[in-house]
Colleague: 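If you scroll down you'll find the structure; I have some questions about it.
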2 protein chains.
Amino acid sequence: MDKKLVQEINHLHAEICGGLSDPKRITILYALAEGPKNVMEIGDVLELPQPTVSRHLKILRERGMVVPERRGANIIYALSDKRIIRALDLLREVLADHLSQRSALAEAIA
Amino acid sequence: MDKKLVQEINHLHAEICGGLSDPKRITILYALAEGPKNVMEIGDVLELPQPTVSRHLKILRERGMVVPERRGANIIYALSDKRIIRALDLLREVLADHLSQRSALAEAIA
DNA sequence: TCTTTATATACGGAAATATGAATATATCCA
DNA sequence: TGGATATATTCATATTTCCGTATATAAAGA
């Protein structure tokens, strides 16, 4: 494939991964995996001020990870694709393995 | 679960995701999926100066995504877990769907 | 229309991250 | 030991990301 094109794709790929690289956004995504929620409801879950929530939602929206739907005065956000959660779960498994490996090492030393 | 603990976990989860949020690191991970490589070989693939490669490898290493093994003067890096590639592939699929949706929209407008 | 409610954006500063260039460390071999 | 090769780290700087506050937009209801 054309080198420029590959770079462009990898850039977008990195960008979507960047959507996951914040604890609050991860919490938002898992919350939406339970079902669609409006901005206030998400704010309640995260215990965060509304503008902060909106900004994180914008980041996720731009990357196509959540989808907004206006319902009256509210905007209801939904997870766009279950595969996002599957990817998150896989990475969490990798994290768990890494941590238990390290703690096993720590015990072996002690 | 304890709230502090959940936050700590989400922080680590975000950190491992952050390991994926750079085009060069994605290229490195896919390159290592083909098989272990030393730093020079990775540098050849990326066409990047060696210190830059080492710094990216450090980030991936700290997050437990790649594993170094010294062999003589070389250090050979290997992917620590195939699930990392599966997660990357899932997210690339989500990206592809998002892009084709948008291009379908673009055509519908034109 | 005016007010209230829900959501989004703009701005300024703080903190994290990335990068090139230079330098340090570690290993091998003569 | 000294030189060559492979890898890692440091430093200064540039860029990005994040947050709180303030403000703007959009819809609902009186």
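Letters go in sequence order (proteins before strands), and every chain restarts at 1. When reading the values below, keep in mind they use all heavy atoms of this one structure, side chains included, and skip hydrogens, waters and symmetry mates.
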Colleague: Base, sugar-phosphate, or nothing: which does A/Arg25 touch, judged by heavy atoms less than 4.0 Å apart?
Modeller: sugar-phosphate
Colleague: Is it true that a side-chain atom of B/Arg25 and a backbone atom of B/Leu20 form a donor plus acceptor pair closer than 3.5 Å?
Modeller: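 Flag not set: sc B/Arg25 to bb B/Leu20 has no pair under 3.5 Å.
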Colleague: For nucleotides 3-16 of chain C, just jot down a letter per nucleotide in 5' to 3' order: B, S or -, based on protein non-hydrogen atoms under 4.0 Å.
Modeller: ---SBBBB------
Colleague: Pair A/Met65, A/Ile16 - check side-chain contact (heavy atoms from CB on, under 4.5 Å), show working.
Modeller: CA-CA 8 Å; A/Met65 306 170 89; A/Ile16 198 172; 4.0 Å; yes
Colleague: Starting from C1' on C/dT19, measure out to CD on B/Glu47 and report it in whole angstrom.
Modeller: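 In whole Å, C/dT19 C1' lies 17 Å from B/Glu47 CD.
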Colleague: Do A/Ser103 and A/Glu107 get their side chains close enough for a donor-acceptor pair, meaning under 3.5 Å?
Modeller: no
Colleague: Do B/Lys3 and B/Glu8 meet the salt-bridge criterion of a basic N to acidic O distance under 4.0 Å?
Modeller: no
Colleague: Please classify the nucleic acid contact of B/Leu48 as base, sugar-phosphate, or nothing, using heavy-atom distances under 4.0 Å.
Modeller: nothing
Colleague: Taking 4.0 Å as the cut-off, does a side-chain nitrogen or oxygen of B/His56 come that near to OP1 or OP2 on C/dT17?
Modeller: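 False: B/His56 side-chain N/O out of range (4.0 Å or more) of C/dT17 OP1/OP2.
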Colleague: Answer yes or no: is there a side-chain heavy-atom contact under 4.5 Å between A/Val39 and A/Tyr77?
Modeller: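 Counting from C-beta outward, A/Val39 and A/Tyr77 do come under 4.5 Å.
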Colleague: Are A/Ile85 and A/Val66 in one and the same hydrophobic cluster, where Ile, Leu, Val, Met, Phe, Trp and Tyr link if side-chain heavy atoms are under 4.5 Å apart?
Modeller: yes
Colleague: With no hydrogens and no angle check, do the side chains of B/Arg92 and A/Asn10 hold a donor and an acceptor under 3.5 Å apart?
Modeller: yes
Colleague: Identify, between A/Arg71 and A/Gly18, the residue whose nearest nucleotide on DNA chain D lies closer to the 5' end.
Modeller: A/Gly18
Colleague: Between side-chain atoms of residues 94-101 of chain B and protein atoms elsewhere (two or more places apart, or another chain), which donor-acceptor pairs fall under 3.5 Å?
Modeller:
residue, atom, partner, partner atom, Å
B/Asp97, OD2, A/Arg83, NH2, 2.5
B/Ser100, OG, B/Ala96, O, 3.3
B/Ser100, OG, B/Asp97, O, 3.1

Colleague: On DNA chain D, which is the earliest and which the latest nucleotide, 5' to 3', with an atom closer than 4.0 Å to a heavy atom of chain B?
Modeller: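 In short, chain B contacts DNA chain D from D/dA6 to D/dT10.
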